[in-house]
Engineer: 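Following this message is one structure expressed as structure tokens.
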Amino acid sequence: MVPRWRSAFNTLEAGDLAPLAGDIPPIVDSALLQEKLNEWKATRTVPFASDLVGAGMMSGQLGEVREAAEWLVGLEEQAPLTVRRLASQALGRTRANAESRRITGELIAQQVTKVNPAVHKLRSVLQRYPRNPLAWVDLARSYASLGLLDQADRAIRAAITLAPNSRFALRSAARFFVHRRDPERARHILRASPATSHDPWLLAAEIAVSTVIGGGTSKFVPTGARLMKVGRFPASQTSELAGALGTVEILSGSRKDAKRLFECALIDPTENAVAQAEWANQKIGQVGIQERHFQLPRSFEARARRQYAEGNWQQALEEALGWLEDEPFSSNPAIFGSFVASIIGDAESGADLAVRGLDANPNNPILLNNLVVALANQSMIREAREFFSRIGRPGAEDPDDLAVWSATLGLIEFRDGHKEAGRALYQASRTMSRTAGNQLKHDMATLYLVREELRSPGADTPELVQNLMKELQTPTNPIVRTLLTSVAMEIRGKGLG
Amino acid sequence: MAFLKAMDFSRAAGTPDPATVLKAMLDSYVYERDLLSRCGERRLSRVVKAVGHGAAAVEPGVDGLVQYLIFELADGDVRTYMNLQADLDLAWSLRTLHEVAIGVRQLHWHGVAHLDLKPSNVFTFAEEGSKVGDLGSALEMGTISPNEAKEHPGDYRYAPPEILYRHQPPDWSRRRFGCDLYLLGSMITFLMTGVSAAAALQGYLDPRHRWGTWRGSWDDVLPFLQEAFGKVLDDFSAAVHPAARNELREMVAYLCEPDPTKRGHPKNLSMKGNELGTERFVSGLNLLASRAEAGALK
């Protein structure tokens, strides 16, 4: 349950940066404005008015400075813009910061193909004022979304140097280094900060990263468990910690404790916790997910997985698109979405998703495979072979991967008119899947072979198709059922069934 | 003619513990009086001089006694002479800032932190220019002041972020002299744009991060303060006369840096023993002011 990595604005809006209840109360300033009010009334000049309004803003006494603020705004061009802006803010007429951050946040969240303007803007911001950790993190995210991991690495390190104990910087860095396949670095950064041991959000991140690394549980699990037990923080602040601890329990086989923890995680959850609960639900069942949980803003992953589990492929695809917009650097939504697209035969969407995923993850073999499948299904054989050549042939020690590789090449050969070669490759895929005990991959390879045989029929096609279809057991898997329905229609269409 | 600052001890009478309040007021008066006396002996040319002190009985009894300090009379404070409605008098503003910076430097050289530098405490004199005044919140290194117990003796409405968010550095110099650096930078922003640094920063903060609202850690709010500060600097740049823009922006960036551990001129920050030095700001402002007065800044 690694932290989400969103722009600073979206992370703030999601509530992930809510402060823990502080012990130190804010300063109460009881200084009166009367003297400044009197001075302004006596002089009626801009400096006295702006000094009064500024002091009023700082002490929260906006009612007392209203008249001066109105006067300044009314001066129009006779008062400097900075003073009029201050006055407008005091009158509640501008939300300069929220607006500019929203625009930057949306810019960051845009599709990969549009991320370059975000890079340009952020670099410009940082050139003018380099000590802005939020901008460094957002820049890292933009670079990561373009697959420029070295640049992203430098940016995220700059952010951590500036803000070594910031929850936002630490969680973002953790997510980046996991993405970069360096979870040990993620854990090191989290452990180096004294904030981690008493911030449930950081504890959750450290425990999750340790889970990714494996080889034993995190040394912070007892600390996290203690923090949950003490009950000092509201459920919204401990949702991800509960989810991370629940994940540890699932992996160590303790279903009862896992269910209890996920119940806690789901009281007032983040969408990340809901997504993790959905994963847990697939593993151990009945973790208490309710419909309301899927309505949380940005709950794309959780909804995508639920739709997938229920066989609602089009909806799953739509949620995958939202998920990719939310995490443009991650391969997961693109892999998920391009695979779902292939199930429903939407080759165009599959190719689009795979390409976008490859922008950020150029050599991801699964994305390359899914792109090849989408291209081949659109009879773009030359392009399919080009991308296929970038996938290394898996070794015999990876029978699952080898089975997929073989089936994909089989598709290319069929579409390129090399029927015998295609058939042999699909048969090899089926054999390898069966040997590896992967019924799903076996059934999928069988159905795809049937489909290709129907597309290039020969004298032996009816018998071959009949024999292959007999092999298929009564499918319970929604993927196989969907493919079977589609293939059955094609068979009937050819007058063979 | 002179300016008289009187201490009204009758205020103690209405409090639950008049003796303690009275003692605190007396201690503050004595501290300020003695500090001013030392400043006078040191001939700090850019600090408003106290020309006398005393006590007068305005009513019978102890609470009718008024202690007073007499200061040289200014023509007004800096707000009286600023002109933001017409074209900014750049030369005057820069020279005023130079004089304020000298005042701060003079105080710091003698181990005194002002802590309440704000427009109403910068006084203008027709013949002599501007001086820093009101040492009622000041602290002198190595002395015991009744103000030392206060988190911030000065006016919170101009204070640097670490004071507002209650995360002051433990080191006395960085805490106190660092505050003065911020306030000096705030004087630059006020004279150039009419807005203090603190108010400008507040305007760019999400309401959840404002100092009256935030209840979380300093480490978690500082990045948002720095992000807002970047926008403050951009606004400042856009508002300042182009001829002085780059230099003044740089000064404000160094002086008003929200992170107190990084505040100051970078060349000073790397110099052990003078991390919070003001000399570069004094000379930089002098250069700008001289060029403006010579008509070279167009």
Side-chain angles (χ1 to χ4, degrees), chain A residues 8 12 17-22 24-27 29 31 35-36 39 43 45-48 50-51 53-60 75 78-83 85-86 89-90 94 96-98 100-101 125-126 128-129 131-135 137 159 162-169 195 199, chain B residues 78-80 82-86 88 118-120 151-152 155-159 163-166 189-190 193-196 198-200 202-208 211-217 219-224 226-231 233-239 253 257-259 262:
Chain A
L12 181 64
L17 301 180
L20 304 176
I24 302 175
I27 287 171
D29 175 27
E35 189 179 344
K36 289 187 187 292
E39 287 169 336
T43 60
T45 64
V46 170
F48 280 94
S50 67
D51 191 32
V53 172
M57 272 189 65
M58 289 301 293
S59 58
L75 288 175
Q78 292 180 68
L81 177 60
T82 46
V83 167
R85 183 184 292 122
L86 176 79
Q89 287 165 355
T94 61
N97 179 57
S100 67
R101 183 182 287 146
V125 164
L126 286 164
R128 298 195 301 275
Y129 179 62
R131 289 198 192 125
N132 183 340
L134 304 186
V137 171
L162 287 168
N165 299 312
S166 150
R167 183 195 299 168
F168 175 65
D199 184 328
Chain B
V78 77
R79 295 171 298 174
T80 311
M82 281 172 66
N83 190 357
L84 290 170
Q85 274 174 290
L88 176 71
K118 56 187 178 181
S120 56
E151 270 192 84
H152 179 58
D155 191 334
Y156 283 107
R157 294 168 297 190
Y158 302 86
I163 286 173
L164 298 172
Y165 293 87
R166 312 186 83 175
T189 68
F190 188 82
T193 70
V195 182
S196 72
Q202 182 90 325
Y204 269 114
L205 285 172
D206 187 285
R208 289 168 281 200
W211 70 276
T213 315
W214 181 253
R215 297 294 296 273
S217 74
D219 286 320
D220 281 332
V221 78
L222 179 59
F224 291 93
Q226 289 170 312
E227 187 204 39
F229 184 56
K231 296 185 176 119
L233 286 175
D234 287 346
D235 273 357
F236 177 79
S237 281
E257 164 58 46
D259 184 351
K262 295 185 172 66

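Convention: sequence-line order gives letters A, B, ...; per-chain numbering from 1. Hydrogens, waters and symmetry mates are skipped; everything else that's a heavy atom, side chains included, is used.
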Engineer: Under 4.5 Å from any heavy atom of chain A, what part of B/Ser237 do you find: side chain, backbone, both or neither?
Structural biologist: neither
Engineer: Need one label for A/Glu39: side chain, backbone, both or neither, based on atoms under 4.5 Å from any heavy atom in chain B.
Structural biologist: side chain
Engineer: Kindly indicate, with the supporting measurements, whether the criterion salt bridge (charged side-chain N to carboxylate O under 4.0 Å, His left out) is fulfilled by A/Arg85 and B/Asp235.
Structural biologist: CA-CA 10 Å; A/Arg85 183 184 292 122; B/Asp235 273 357; 2.6 Å; yes
Engineer: If you count heavy-atom pairs under 4.5 Å with chain A, which of B/Pro258, B/Gly230, B/Ala159 comes out on top?
Structural biologist: B/Gly230
Engineer: Is the closest side-chain heavy-atom distance between B/Val195 and A/Val83 below 4.5 Å?
Structural biologist: yes
Engineer: Would you mind telling me which of A/Ala55, A/Ala18, A/Ala90, A/Gly56 has the largest number of heavy-atom pairs within less than 4.5 Å of chain B?
Structural biologist: A/Ala55
Engineer: For the side-chain hydrogen bond (donor to acceptor under 3.5 Å, both in side chains) test, which of B/Glu227, B/Lys231, B/Glu257 pairs with A/Tyr129?
Structural biologist: B/Glu257
Engineer: To the closest 0.5 Å, what do you measure between NZ (B/Lys262) and CG (A/Leu162)?
Structural biologist: 6.0 Å
Engineer: So do the side chains of A/Phe48 and B/Pro119 get within less than 4.5 Å of each other, counting heavy atoms only?
Structural biologist: no
Engineer: Given heavy-atom pairs under 4.5 angstrom as the criterion, report whether the side chain, backbone, both or neither of A/Leu81 touches chain B.
Structural biologist: neither
Engineer: What part of B/Phe236 gets within 4.5 angstrom of chain A, counting heavy atoms only: side chain, backbone, both, or neither?
Structural biologist: neither
Engineer: Do you know which of A/Asp199, A/Thr43, A/Thr82 has the most heavy-atom pairs with chain B at a distance under 4.5 angstrom?
Structural biologist: A/Thr82
Engineer: Residues two or more places apart in sequence or in another chain: which of them pass side-chain contact (heavy atoms from CB on, under 4.5 Å) with A/Ala163?
Structural biologist: A/Pro133, A/Ser166, A/Ala169, B/Pro223
Engineer: Search all heavy atoms of A/Pro47 against all heavy atoms of B/Phe190 and return the closest pair with its distance.
Structural biologist: O-CZ, 3.6 Å
Engineer: Against chain A, label B/Leu233 side chain, backbone, both or neither, depending on which of its atoms sit under 4.5 Å from a heavy atom there.
Structural biologist: side chain
Engineer: Below 4.5 Å, heavy atoms only, C-beta onward: do A/Met58 and B/Trp211 meet side chain to side chain?
Structural biologist: yes
Engineer: Find the one option among A/Leu86, A/Leu17, A/Asp51 whose heavy-atom pairs under 4.5 Å with chain B are most numerous.
Structural biologist: A/Asp51
Engineer: Give a yes or no on whether a salt bridge exists between B/Asp234 and A/Arg128, defined as a side-chain N under 4.0 angstrom from a carboxylate O.
Structural biologist: yes
Engineer: For a 4.5 angstrom cut-off between non-hydrogen side-chain atoms, does B/Ser120 reach A/Lys36?
Structural biologist: yes
